[in-house]
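See structure below.
Note on naming: letters A, B, ... go to the chains in the order of the sequence lines (proteins, then strands), and numbering restarts at 1 for each one.
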Number of protein chains: 2
Amino acid sequence: MVTKQFKGSPEEADLRRADSLAREIFSDVANKWALLIIEALGERTLRFSELRNDVEGISHKMLTQNLRMLERYGLVERKVYATVPPRVEYTLTEPGQALRATVDGMCGWTHQYLGHIEASRRRFDA
Amino acid sequence: MVTKQFKGSPEEADLRRADSLAREIFSDVANKWALLIIEALGERTLRFSELRNDVEGISHKMLTQNLRMLERYGLVERKVYATVPPRVEYTLTEPGQALRATVDGMCGWTHQYLGHIEASRRRFDA
DNA sequence: CAGGATCCAAACTGATACTG
DNA sequence: CAGTATCAGTTTGGATCCTG
């Protein structure tokens with residue numbers, strides 16, 4: 001839609017594009033694996049295999065896929081060392097660190113309301 | 001694992017259970033639909049059909065499914081009015097509001113780094 | 001070791017039909 | 001109106017095999 005006619009001002013158009021872009025980014029980033037990777041990277045740099053261990057339950061494929069996405073978005077930096085065997089390190093960039101701050105908030109929230117949620121869940125299931 | 005032997009103290013056991021529970025909650029809540037619903041509910045109460053409109057792109061099925069999950073976790077309250085036609089309203093509970101605060105943070109982050117991300121993406125795709 | 005490619009299972013979607 | 005249920009089609013995820 002909104003392809004043939006355009007009723008609003010150019011500024012309105014920009015806002016709409018920005019909104020849909022923001023929404024797209026949000027949809028990509030707001031998935032558990034991406035956020036758990038961000039959280040795992042915390043302050044320290046990690047290798048692919050270390051991430052695989054730290055982010056419990058993540059598959060090889062999802063790790064690769066999400067790392068590519070995060071790299072593409074400029075949230076993590078990928079550093080390849082031309083050694084044998086190869087060594088690849090991932091580090092949060094500044095935007096990545098900023099995101100991590102909010103993810104930390106979510107983790108804190110989870111722990112804070114753990115008891116409440118567990119109780120509510122038990123109640124609901126009865 | 002950790003079923004046959006248990007090496008640590010009982011306190012350690014509790015911490016592990018809490019951690020795996022926290023992780024479970026995080027995994028459920030940290031998906032785009034749940035977070036977008038939380039965000040949409042913001043301060044105001046919304047009906048099912050209003051949510052369907054506000055959370056752009058969500059399917060009937062995913063909306064129902066996520067609302068049940070959020071209700072089960074005690075993050076949204078579901079209020080049914082026995083009228084014809086029926087009216088069902090969803091409101092954030094206090095824990096839900098607390099979560100929303102962190103989701104707001106993520107939304108803010110998205111808008112703040114919009115330009116940076118878009119640029120990085122373009123660079124990566126080249 | 002890192003990660004691409006492949007195949008199969010599970011999850012999501014959209015449409016539609018049915019209930020209270 | 002607000003669901004539940006179901007079906008077909010698409011997408012996503014996991015496991016495995018292969019390479020530099």
Side-chain angles (χ1 to χ4, degrees), chain A residues 1 20 23-38 40-41 44-73 75-92 124-125, chain B residues 1 20 23-38 40-41 44-73 75-92 124-125:
Chain A
M1 50 248 168
S20 81
R23 170 59 184 276
E24 191 188 331
I25 294 168
F26 187 93
S27 294
D28 283 346
V29 168
N31 81 72
K32 64 172 178 174
W33 293 132
L35 297 185
L36 286 169
I37 290 169
I38 295 278
L41 282 177
R44 66 198 184 298
T45 293
L46 289 176
R47 304 179 56 171
F48 185 87
S49 47
E50 292 170 329
L51 272 169
R52 187 122 168 62
N53 292 329
D54 283 18
V55 181
E56 215 174 319
I58 196 168
S59 68
H60 186 129
K61 192 178 183 176
M62 284 300 101
L63 182 54
T64 311
Q65 196 169 300
N66 278 280
L67 281 172
R68 283 301 151 275
M69 185 264 290
L70 293 173
E71 187 193 355
R72 189 166 102 99
Y73 280 17
L75 308 189
V76 304
E77 196 199 344
R78 181 166 175 270
K79 218 168 186 172
V80 184
Y81 297 88
T83 58
V84 175
R87 174 188 191 85
V88 182
E89 289 181 350
Y90 295 91
T91 317
L92 287 187
F124 186 94
D125 292 342
Chain B
M1 49 258 167
S20 83
R23 170 58 184 277
E24 191 188 332
I25 294 168
F26 187 93
S27 293
D28 282 346
V29 167
N31 82 71
K32 64 172 179 176
W33 293 133
L35 296 185
L36 286 169
I37 289 169
I38 294 277
L41 282 176
R44 66 197 184 301
T45 293
L46 289 176
R47 303 179 56 173
F48 184 87
S49 47
E50 291 170 329
L51 271 170
R52 186 118 167 68
N53 292 329
D54 283 18
V55 181
E56 214 174 320
I58 196 169
S59 70
H60 186 126
K61 196 177 184 177
M62 282 300 100
L63 182 53
T64 311
Q65 198 169 299
N66 278 279
L67 281 173
R68 283 303 151 272
M69 184 266 288
L70 293 173
E71 188 193 354
R72 188 166 103 98
Y73 279 17
L75 307 189
V76 304
E77 196 199 344
R78 181 165 174 270
K79 218 170 186 171
V80 184
Y81 296 89
T83 57
V84 175
R87 175 189 191 81
V88 181
E89 288 181 351
Y90 294 92
T91 317
L92 287 187
F124 186 93
D125 293 342

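A heavy-atom distance below 4.5 Å is not found between the side chains of B:Y90 and B:I37. Using a 4.5 Å cut-off on side-chain heavy atoms (C-beta onward), B:F48 and B:H60 make contact. Within the 4.5 Å cutoff, the side chain of A:Q65 has heavy atoms near those of the A:M62 side chain. Looking at heavy atoms from C-beta onward, A:T91 lies out of side-chain contact with A:L41 at the 4.5 angstrom threshold.
For A:H60 against C:dG3, a side-chain-to-base donor-acceptor contact under 3.5 Å is present.
In this structure, of C:dG14, D:dA2, D:dG3, it is D:dG3 that holds the atom nearest to the side chain of B:Y90. Distances from the side chain of A:Q65 to the nucleotides D:dC1, C:dC1, D:dG13 place D:dG13 closest. Proximity note for A:K61 (side chain, C-beta onward) versus D:dG3, D:dG14, C:dG3: the nearest is D:dG14. Nearest nucleotide to the side chain of A:R68, out of D:dC7, D:dT4, C:dG3: C:dG3.
In this structure, the CG atom of B:L63 is 15 Å from the C1' atom of C:dG14, given to the nearest Å. C:dA15 atom P lies 15 Å from atom CD1 of B:I58, rounded to whole Å. The distance between atom CG of B:N31 and atom P of D:dG13, rounded to the nearest whole Å, is 11 Å. In this structure, A:M69 atom CE and D:dG13 atom P are separated by 10 Å, rounded to whole Å. Distance CD (A:E50) to P (C:dG3): 13 Å, rounded to an integer number of Å. Spacing between atom CD of B:E71 and atom P of D:dA2 amounts to 15 Å, rounded to whole angstrom units. Rounded to whole angstrom, the span from the CG atom of B:N66 across to the P atom of D:dG3 amounts to 13 Å. Remark: C1' of C:dG3 and CE of A:M62 are 13 Å apart, rounded to the nearest angstrom.
With values rounded to the nearest 0.5 angstrom, B:L46 atom CG is found 14.5 Å from B:R52 atom CZ.
For A:S49, a side-chain nitrogen or oxygen approaches OP1 or OP2 of C:dA2 to under 4.0 Å. Between B:R47 and the phosphate of D:dA2, there is a side-chain N or O to OP1/OP2 separation shorter than 4.0 Å. Side-chain nitrogen and oxygen atoms of A:R52 include none within less than 4.0 Å of the OP1 or OP2 phosphate oxygen of C:dA2. Contact annotation: A:R87 side-chain N/O to C:dA2 OP1/OP2 distance is not under 4.0 Å.
Of the two residues near DNA chain C, A:P86 and A:T64, the one whose nearest nucleotide lies more 5' is A:P86.
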